[in-house]
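Let me begin by presenting the structure, written as structure tokens, before commenting on it.
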Amino acid sequence: MTEFIQLHILASYPPSNLNRDDLGRPKTAIMGGAQRLRISSQSLKRAWRQSEFLQAALAGHIGIRTKEMGNKIVTALTTGKTLADVLNDTGKSPSRTPITEKKAVEWAKIIAEQFGKVTGNEKAVKTEQIVHFSPQEIDAIDSLLATCITSGKAPEKDAVSLLRKEHTAADIAMFGRMFAKDPHYNMEAAVQVSHALTVHDVVIEDDYFTAVDDLNALESDAGSAHIGQFEFAAGLYYIYVCINRDLLVENLMGDSALAQKAIAALTESCTKIAPSGKQASFASRAYASYLLAERGSNQPRSLAVSYLAPVKGDNLLTAAISTLEETRRKMDKVYGPCYREARIMNASSGEGSLSEILRFVSS
């Protein structure tokens with residue numbers, strides 16, 4: 001049977017604006033008739049995917065999401081550098097014979113069209129949709145570039161085959177990939193992430209601020225050089241993550257060891273990393289205060305219903321933990337446990353540890 005790993009996280013952020021809407025305000029949602037702060041799952045996944053924990057643990061197994069691969073191919077061809085050197089900006093000297101820009105653009109369009117519809121002018125090559133390239137696909141592109149440079153001939157459209165159904169890009173395996181051009185190369189996400197919502201209701205506040213000109217001698221104008229305003233709020237968030245371990249291993253071509261690394265790195269990122277929005281203004285970095293990790297083969301379930309009624313009281317964290325654990329106990333009573341075993345890390349009480357959780361989820 002399929003094994004699921006479920007993470008239930010409580011993380012408190014001081015005044016911040018981690019994830020903004022189109023007006024620059026903190027994102028919100030109505031739940032239980034009350035306004036809550038919200039951080040979108042897309043924002044969370046991007047922050048986790050780019051975290052040092054994932055990047056270090058999964059080095060060589062991280063893809064690149066971009067519309068600009070065609071332009072990077074042009075740069076590689078016109079400079080004589082490998083595609084990897086261009087993408088990673090290594091500063092290494094060219095190792096191939098450069099070709100003209102006109103020819104490079106022509107070849108790059110043929111290659112980029114394998115991944116999606118191409119847009120741009122005579123000097124720019126972009127795909128209309130963002131594409132998630134696996135390391136294996138990047139290697140295949142670079143090998144094709146080397147072959148074309150050696151032969152002096154453009155890649156044949158009908159002969160170019162660069163997409164890979166099988167690869168070891170752990171971020172694609174976890175968060176999925178969709179190709180409108182060729183659904184055969186789609187990958188179902190093995191990790192599901194909820195939007196983070198505050199367990200209590202919130203009121204968004206305004207911050208009126210000014211900036212002073214350091215060289216203003218106050219001789220003719222004692223006013224500020226700039227006046228602005230932005231909005232913020234503080235909140236204790238509930239985040240739910242569900243990992244289909246079997247699907248993750250399948251997506252990684254059966255590599256269980258790599259799947260274990262990915263699960264551990266993702267879990268650590270979930271507890272330590274937040275979106276970077278307005279961090280310079282608020283320094284709202286925070287670790288998770290509570291983490292419940294569950295493993296089992298029964299149908300997973302979120303515990304967000306714990307906070308349908310906004311949490312109240314002098315100590316929101318203690319109340320939120322108590323509410324979540326009581327809801328879990330009652331659901332276990334009527335449905336039976338959906339997990340085989342579980343571990344808890346509670347920073348407010350000093351119970352458990354992250355290292356213990358990481359061993360548990362990745363074993």
Side-chain angles (χ1 to χ4, degrees), residues 46 49-173 175 177 179 181-182 185 187 252-253 258 261-262 265 276:
R46 175 170 171 76
R49 188 173 67 86
Q50 294 194 319
S51 73
E52 61 183 72
F53 309 113
L54 249 74
Q55 295 292 324
L58 304 175
H61 301 284
I62 296 290
I64 295 177
R65 296 175 72 230
T66 184
K67 291 182 176 183
E68 300 286 343
M69 188 60 75
N71 289 325
K72 297 300 182 182
I73 293 170
V74 171
T75 300
L77 288 170
T78 55
T79 62
K81 294 184 177 182
T82 67
L83 184 57
D85 285 343
V86 170
L87 292 173
N88 298 315
D89 194 20
T90 62
K92 292 182 179 179
S93 300
S95 57
R96 297 170 178 168
T97 303
I99 66 172
T100 64
E101 183 176 59
K102 181 178 179 180
K103 188 180 291 187
V105 170
E106 176 191 342
W107 293 6
K109 284 183 178 179
I110 294 172
I111 294 170
E113 283 172 351
Q114 303 302 307
F115 297 90
K117 187 175 181 180
V118 170
T119 182
N121 52 39
E122 66 277 3
K123 292 187 178 182
V125 183
K126 296 172 65 175
T127 52
E128 285 190 344
Q129 292 184 325
I130 195 166
V131 178
H132 205 155
F133 295 85
S134 70
Q136 284 75 17
E137 286 159 342
I138 293 171
D139 288 344
I141 293 171
D142 197 52
S143 295
L144 179 60
L145 298 184
T147 299
C148 291
I149 289 173
T150 300
S151 67
K153 297 180 180 179
E156 298 181 12
K157 291 184 179 181
D158 296 336
V160 175
S161 179
L162 299 168
L163 285 165
R164 296 289 183 268
K165 180 69 173 177
E166 295 186 339
H167 56 76
T168 60
D171 51 344
I172 297 177
F175 303 128
R177 179 172 75 170
F179 273 114
K181 179 180 175 63
D182 195 339
Y185 296 98
M187 179 160 282
L252 292 172
M253 303 191 305
L258 181 56
K261 287 183 180 180
S276 59

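Numbering starts at 1 and runs along the sequence shown.
Counting heavy-atom neighbours within 6.0 Å of R46 CZ, excluding the residue itself, gives a total of 12 or less. Annotation: K72, atom NZ; neighbour count of heavy atoms from other residues, nucleotides and ligands within 6.0 Å does not exceed 12. Atom NZ of K165 is surrounded by more than 12 heavy atoms from other residues, nucleotides or ligands within 6.0 Å.
Using a distance-only test at 3.5 Å, with no hydrogens or angles considered, no donor-acceptor pair links the side chain of K126 to the main chain of G70. The backbone N or O of T82 lies less than 3.5 Å from no partner atom in the side chain of D142, so there is not a single donor-acceptor pair. Judged purely by atom type and a 3.5 angstrom limit, R164 has no side-chain atom pairing as donor or acceptor with the backbone of Q136. At least one donor-acceptor pair under 3.5 Å links the side chain of Q55 to the backbone N or O of R49.
Within the model, atoms CD1 of I99 and OG1 of T79 stand 10.0 Å from one another, a figure rounded to the nearest 0.5 Å. Atom CD of residue Q50 and atom CD1 of residue I62 lie 10.0 Å apart, to the nearest 0.5 angstrom. To the nearest 0.5 Å, atoms CG (L258) and OG1 (T168) are separated by 6.5 Å.
A pairwise comparison of heavy atoms in I111 and I141 identifies CG2-CG2, 4.1 Å as the closest pair.
Aromatic ring pairs are classed by plane angle as parallel below 30°, tilted from 30° to 60° and perpendicular above 60°; the pair F115 and F133 is tilted.
The shortest distance between side-chain heavy atoms of M69 and V131 does not fall below 4.5 Å. Using a 4.5 Å cut-off on side-chain heavy atoms (C-beta onward), R96 and L77 make no contact.
Applying side chain to side chain contact (heavy atoms under 4.5 Å, CB included) to D171 and the options H132, H61, R177 leaves one that passes, H132. The side chain to side chain contact (heavy atoms under 4.5 Å, CB included) test with V86 is passed by exactly one of T75, V74, N71, I73: T75.
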